[in-house]
Amino acid sequence: MTARHAALTLSAARALLGVAADADERELRKAYREAAKRAHPDRPTGDAALFRDVLAAYRLLQDTPIVRHHYPPAVAQPAPIADRVFLEIDIATALTGGAEELAIDGRRLRLKLPAGLREGDKVRVEGVCFEVRLRGQDGALVRGDDLWLTGKVDPRVLAEGGRVDADTPLGPRPAWISTKAAARGLVRLPGQGLPARANHKAGDLFLRLEAAESRGESPARSLLKRFAAAWAA
């Protein structure tokens, strides 16, 4: 168990599993199974560190007596909000920003996320400090400020170079691919990684090139080849 697990607060543990302070054993077990399934390292979007946090949170709450509050409606006090929780976002949200709605200790918070969030960045809303974690995506990852994508391109471009709209997990990416870049299977697009934010500079996009399934020869190219053959004859 890491030091972070040992320091996990009750509020943070409940927030991680998405349960209230008065959740019973059945609710707690159901929330744990759902969170563990999402974070399991064997899944494409899994995360080993997050899976360990989920397990630590479940064990902590299992050993904690259920807290039930009985306040008269006129003087009911709001449940305490966790002072620090983890916020997992996908790479697309880190790139363009977005909005998230979370349940924290019985309250619902709406977060407006700016573009350019990095792993470990902090977002504070209504006294809650969220620490950002980036969720992996098949064929896409972040290294510091840089974005790495795998793009499917026409096999002909890999052989000859040229302009292309590469098909990536985050949508099409236009790029000019030189014959040298095509030969090594990698092209660097300056300034097209994570956008600049706070103390972070704009990152670069590294596009790993893979051949897409051939769609056959275009009619225009076939006509050109036939014309060239006739001319040579």
Side-chain angles (χ1 to χ4, degrees), residues 37-51 87-100 113-121 132-233:
K37 182 179 179 180
R38 290 193 301 269
H40 199 282
D42 289 343
R43 294 175 63 87
T45 58
D47 183 286
L50 179 60
F51 182 77
L87 174 65
E88 188 182 63
I89 63 175
D90 57 28
I91 295 176
T93 301
L95 184 65
T96 62
E100 294 281 345
L113 304 176
L117 287 172
R118 269 72 164 175
E119 181 86 17
D121 278 357
V132 173
R133 285 183 170 175
L134 296 183
R135 181 168 61 245
Q137 247 177 291
D138 185 28
L141 60 88
V142 171
R143 292 177 179 170
D145 302 316
D146 299 329
L147 178 62
W148 288 71
L149 299 177
T150 298
K152 302 287 187 179
V153 301
D154 191 312
R156 190 168 59 250
V157 176
L158 287 180
E160 303 171 1
R163 181 174 176 79
V164 66
D165 285 329
D167 184 18
T168 80
L170 302 183
R173 295 280 162 167
W176 176 261
I177 301 174
S178 67
T179 53
K180 184 177 180 181
R184 69 170 178 262
L186 180 69
V187 62
R188 175 173 171 264
L189 305 177
Q192 295 192 33
L194 293 182
R197 177 181 176 274
N199 297 326
H200 300 292
K201 65 178 182 179
D204 297 334
L205 169 60
F206 290 86
L207 189 61
R208 296 181 293 254
L209 306 175
E210 290 186 0
E213 292 184 6
S214 178
R215 299 178 181 176
E217 193 169 57
S218 68
R221 191 172 181 85
S222 297
L223 182 62
L224 180 61
K225 288 175 70 174
R226 288 200 301 269
F227 176 79
W231 182 263

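Keep in mind that what you see is a predicted model, and the values were worked out from it rather than measured. The first residue of the sequence shown is numbered 1, and numbering continues consecutively from there.
Remark: side-chain polar atoms of Asp146 are paired, donor with acceptor, to backbone N or O of Asp204 under 3.5 angstrom. Judged by distance alone, the side chain of Glu119 and the main-chain N or O of Leu134 form a donor-acceptor pair under 3.5 Å.
In this structure, the separation between CZ on Arg133 and CD1 on Ile89 is 12.5 Å, given to the nearest 0.5 Å. The OG1 atom of Thr96 sits 10.0 Å away from the CG atom of Leu113 when rounded to the nearest 0.5 Å. Taken from OG1 in Thr150 to CG in Leu186, the straight-line distance is 10.0 Å, to the nearest 0.5 Å. The structure places CG of Leu189 at 8.5 Å from CD1 of Ile177, a figure rounded to the nearest 0.5 Å. Distance check, rounded to the nearest 0.5 Å: NZ of Lys152 to CZ of Arg208 gives 11.0 Å. To the nearest 0.5 Å, the span separating CG on Leu194 from CG on Leu95 amounts to 6.0 Å.
Of all heavy-atom pairs between Ala182 and Val157, the closest is CB-O, 3.8 Å. Residues Leu158 and Glu210 come closest through the heavy atom pair CD1-C, 4.0 Å. Smallest separation of non-hydrogen atoms from Pro172 and Asp165: CB-CB, 4.5 Å. Ala212 and Pro155 get closest at one heavy-atom pair: O-CG, 3.3 Å. Between Phe51 and Ala39, the closest heavy-atom pair is CB-O, 3.6 Å.
Asp121 meets the side-chain contact (heavy atoms from CB on, under 4.5 Å) test with Leu117, Arg118, Val132, Arg197, His200; sequence neighbours excluded. Partners of Thr168 by side-chain contact (heavy atoms from CB on, under 4.5 Å), not counting sequence neighbours, listed by chain and number: Leu149, Ala166, Leu170, Arg173, Leu207.
Ring-plane geometry between Phe206 and Trp148 is classed as parallel, the angle between the planes falling under 30 degrees on a 0 to 90 degree scale with a further cut at 60.
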